[in-house]
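Here the structure comes first, spelled out in structure tokens, and everything after it is commentary.
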There are 2 protein chains.
Amino acid sequence: MTLSNTVYEKLRADIIDGLFAPHQPLRLEQLKQQYGVGFSPLREALNRLQGERLVVSALQRGFRVSSLSVEEMWDAVNSRIFVEGEALRRSIGLGDDDWEAALVASFHALSIIVKRLGQADREIDKDSFDELERRHREFHAALISACGSAWLLDFAEKLNTETERYRVMALRSATLRHERDVEAEHKAILEATLRRDADAASGLLRDHYHATGQFLERVLRDRVARAS
Amino acid sequence: MTLSNTVYEKLRADIIDGLFAPHQPLRLEQLKQQYGVGFSPLREALNRLQGERLVVSALQRGFRVSSLSVEEMWDAVNSRIFVEGEALRRSIGLGDDDWEAALVASFHALSIIVKRLGQADREIDKDSFDELERRHREFHAALISACGSAWLLDFAEKLNTETERYRVMALRSATLRHERDVEAEHKAILEATLRRDADAASGLLRDHYHATGQFLERVLRDRVARAS
DNA sequence: TAAAGCCAGATTTTCGAAAATATTGCATCA
DNA sequence: TGATGCAATATTTTCGAAAATCTGGCTTTA
């Protein structure tokens, strides 16, 4: 691992995590202290993150964390529905037994962590929270992994990163709770996929993301109202 | 303009142009000479290009130009059909008079350069060639510019860059000629779009890109056969 | 002969200083 | 007072040297 790669991954995780607030300037001197590396790896990492839209740069004014908004969130959610809906259809058409097996496995792994966190009434620690996010990401990735298009997978990953920032923020603020049974939605998507019903599966996936979008919008508007 | 930005744009243009062959390693010392800048702006530019998939990097082994293949080309072409087809539908639904005016203007500008180059039997100079590519890109960008989704536009741009590398290579080798009337295809897309017929327009766009894909495949296979 | 170890040269990666540029606070002037 | 210019400071950007790592060829060894 090069320092450049390491600091890229750390910065990426920290931005998604909300350690740096949206729109906050990222001062090189401070980052240098924080991550214990020189300018070069930092600037390389920031240039890469720029391509993922996690940071934006202004000429001679350095980098800042990109901002969040209801409009951007909906664009990301709707694009995700569009891209992953198609990728899921293709996966259902092309996926073999290994794909099915990996899909079932990733759903199961997600169920386990969901159940464990559901039982515990205590505060959820960061590690568990990270694992939940990871398992969730892996389940959705498994659904579309057999689509056969590197570009669709690339787009889906970018959109997942973007929406992950909103999800993390929403679950952190925790003032609102979903009333829905997310686990049941996942299960329904899985079952439609396994019986190779592309229309049903992509429809359920659409509903799933759309419901998430509505939840995120409520949280975002709540935060804005609270702040003013 | 920072040096980093300048060298990024130059490198990008030169890779698309085929100045560096696919899969060729990009040695920093050589690039330093060639572009007259130090390591830092070069590495920053290369890190950004990595995000666009124009270069790939291997740990401690620097950067190389990403490679081209028939499979990758078809993935890019099909993804383009998918993404731009939807973006065109949305543009047709949302576009206002200004959008229509700009669209007609960009088609006209494309027609002019096509006619000029069609008349001249002489060798096409680099500037004219670049202008043709630019006008072509701008026409296709104008079609989808009113789609209202920053993400779809972002994806379309990435895919255009990717396919541009293949187009440039194909038109350079020039051993094969299209038998089709590309200008007529553009005109048909424009007319369907202006009469707000989304099904017809996106169907024609699909056919247009698919025909281009078939042309590119012939050229690619011809090159491989020629090389062996 | 083939495999492993090692050295020299080539190359990438990282650092901190220097140059270029932006920002802030203060003084000056109309 | 309010705008403008200037100096001091903060910050980004760039450079070239140094450190780390890889590559290819040579030698040694079994």
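The chains referred to below are lettered A, B, ... by the order of the sequence lines, with proteins before strands, and numbering in each begins at 1.
A 6.0 Å sphere centred on CG of A:D96 holds more than 12 heavy atoms belonging to other residues, nucleotides or ligands.
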Under the criterion salt bridge (Lys or Arg N to Asp or Glu O under 4.0 Å), I'd like the reasoning laid out for B:K10 against B:D14: C-alpha separation, chi angles, the key distance, then a yes or no. CA-CA 6 Å; B:K10 281 189 185 156; B:D14 287 343; over 6 Å; no

Test side-chain contact (heavy atoms from CB on, under 4.5 Å) on A:S106 and A:L103; report intermediate values, then the result. CA-CA 5 Å; A:S106 67; A:L103 177 57; 4.3 Å; yes

Just do the salt bridge (Lys or Arg N to Asp or Glu O under 4.0 Å) check on A:R134 and A:E138 with the steps written out, would you? CA-CA 6 Å; A:R134 184 168 61 81; A:E138 284 170 359; 3.3 Å; yes

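In this structure, CZ of B:F63 is placed 9 Å from P of C:dT12, rounded to the nearest angstrom. What separates CG of A:L59 from C1' of C:dA20 is a distance of 12 Å, to the nearest Å.
If you find the closest nucleotide of DNA chain C to A:T2 and to A:Q60, the one lying nearer the 5' end belongs to A:T2.
Taking the 5' to 3' direction, DNA chain D first and last meets chain A under 4.0 angstrom from a heavy atom at D:dT11 to D:dT14.
Contacts of B:R167 classified as salt bridge (Lys or Arg N to Asp or Glu O under 4.0 Å), with partners at least two apart in sequence or in another chain: B:E133.
For the residue pair B:N160 and B:R80, a side-chain donor N or O sits within less than 3.5 Å of a side-chain acceptor on the partner.
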Which protein N or O atoms sit under 3.5 Å from an N or O of nucleotides 6-11 of chain C?
| residue | atom | partner | partner atom | Å |
| --- | --- | --- | --- | --- |
| C:dT11 | O3' | B:R27 | NH1 | 3.2 |

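Heavy atoms of B:S40 sit under 4.0 angstrom from at least one base atom.
Ring pair A:W74/A:H210 is tilted by interplanar angle, where 30° to 60° counts as tilted. Using a 30° and 60° split on the angle between ring planes, A:F155 and B:F155 fall in the parallel class, below 30°.
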